[in-house]
There are 2 protein chains.
Amino acid sequence: MSGEREVSERLSMEDILIEASLENRARAQGIKMTAQRAVVCSVLDGIDDHPDALQIHDKARQIDPRIALATVYRTMRLLEDRDLIKSHNFGDGRSRYEDGLKDEHGHLINSDTGEVIEFHDAEFENLKKRIAKRLGYDVTGHRLELYGKPLG
Amino acid sequence: MSGEREVSERLSMEDILIEASLENRARAQGIKMTAQRAVVCSVLDGIDDHPDALQIHDKARQIDPRIALATVYRTMRLLEDRDLIKSHNFGDGRSRYEDGLKDEHGHLINSDTGEVIEFHDAEFENLKKRIAKRLGYDVTGHRLELYGKPLG
DNA sequence: ATACCTGCAAAACCTTTGCACAGTT
DNA sequence: AACTGTGCAAAGGTTTTGCAGGTAT
């Protein structure tokens, strides 16, 4: 999704992890990196999208045809438990996954086509904290989807 | 959920429909009201919650034991197509339903307990329109979930 | 050797559908 | 009679799991 960036000695460990591949971030979290998991991670790194398990499996099999769908699901659960990816439900039956280190953002779904557009909004980031506080809570995350149709 | 309110002749047709039971609103939409559908509607009217299909089916069978789960699903789809109810996905596999005439609102989910708290926020209603417009869209709906933990 | 991971197939789970029958107009 | 709605059971789609074999430490 983003080009490689030279790692200078000025970067903190945290910076390095944020810039690192999903595979390396998973390693940094202590996840044992098997060949299959590395393939799944590389597939996720190569997609700037919201793929479902089947799409991930298909791409993974292009790299290593022996990977089982069950392994994809098991890996997704592992990564999600460590907050390395997030899973979404956009209304159809299946789960769709995306990188968990992206800034928190919203999704605008085109009701006509199903196309998903990501957006970020600072005002909303602020607002959600105020809403939660009003209700006596501390926000740990959000899920914001707008459904709409293209203007005239 | 709310007590009965006397219907004065000053209320418009729209007011009456908003105050009416789900069953009557469905009738007003031209849906043929069978015994089973009436039972399902009454169950939905009696719950101020976000039940899934199985919970609705259970309550419905307490009133009429012959109602099939398939009928519940078929009725939910019918009501959803007419925008009389809305369906949500809170992360587990199943769909959960709620009255569609409630003001659009958000859900705050307690990450510890799974408890769902509804909230309404005028500022957000405003903000979502501006966000969509910025992206070239007209909002037709939204889904807003905040996840959080109770304050200290 | 021990512990964990994987593939495969079967199971589990939620939801939809085919079909024959019942209910209504 | 035509039409629609229903119950039941079967099928569908997605995700999980049991188990036997594989891999790594």
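Each chain gets a letter, A, B and so on, in the order its sequence line appears, and its residues count up from 1.
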Applying the side-chain hydrogen bond (donor to acceptor under 3.5 Å, both in side chains) test to A:His50, which of A:Glu118, A:Arg96, A:Lys86, A:Gln55 qualifies? A:Glu118
Nearest-nucleotide comparison on DNA chain C, the residue closer to the 5′ end among B:Ala53 and A:Leu78: A:Leu78
Atom CZ of A:Arg74 and atom C1' of C:dC8: how far apart are they, to the nearest Å? 10 Å
In plain terms, say whether A:Glu23 and A:Arg27 are close enough for a salt bridge, that is, a side-chain N and a carboxylate O under 4.0 Å apart. yes
Taking C:dT15, C:dG7, C:dT16 as options, the one with an atom nearest any side-chain atom of B:Arg77 is C:dT16
Using only side-chain N and O atoms of B:Thr34, determine if any of them is under 4.0 Å from OP1 or OP2 of D:dT6. yes
Any side-chain N or O of A:Gln36 below 4.0 angstrom from OP1/OP2 of C:dG7? yes
Using a strict cut-off of less than 4.0 Å between a Lys/Arg side-chain nitrogen and an Asp/Glu carboxylate oxygen, indicate whether A:Lys128 and B:Asp121 qualify as a salt bridge. no
Within the 3.5 Å criterion, strictly below it, is a donor on A:Glu98 or A:His105 matched to an acceptor on the partner's side chain? yes
So does B:Asp52 get a backbone contact from the side chain of B:Arg94, meaning a donor-acceptor N/O pair under 3.5 Å? no
Contact nearer the 5' end of DNA chain D, comparing A:Lys32 with A:Leu54: A:Leu54
d(CZ, A:Arg94; P, D:dG12) in whole Å: 18 Å
What is the separation between atom CD on A:Glu80 and atom P on D:dT15, rounded to the nearest whole Å? 11 Å
Please give, in whole Å, the distance from D:dT14 P to A:Phe90 CZ? 16 Å
What is the distance, to the nearest angstrom, from the CG atom on A:Asp64 to the P atom on D:dT23? 12 Å
Using OP1 and OP2 only, check whether a side-chain N or O of A:Thr71 sits under 4.0 Å from C:dC5. no
So, is A:Ser95 close to the D:dT14 phosphate, meaning a side-chain N or O under 4.0 Å from OP1 or OP2? no
Whole Å only: how far is the NE2 atom of A:His57 from the C1' atom of D:dT14? 14 Å
What integer distance in Å separates B:Leu69:CG from C:dT17:P? 14 Å
Here the distance between atom P of D:dT6 and atom CZ of B:Arg37, to the nearest Å, is 5 Å
Per A:Tyr73 side chain, nearest of listed nucleotides D:dC8, D:dT14, D:dT17: D:dT14
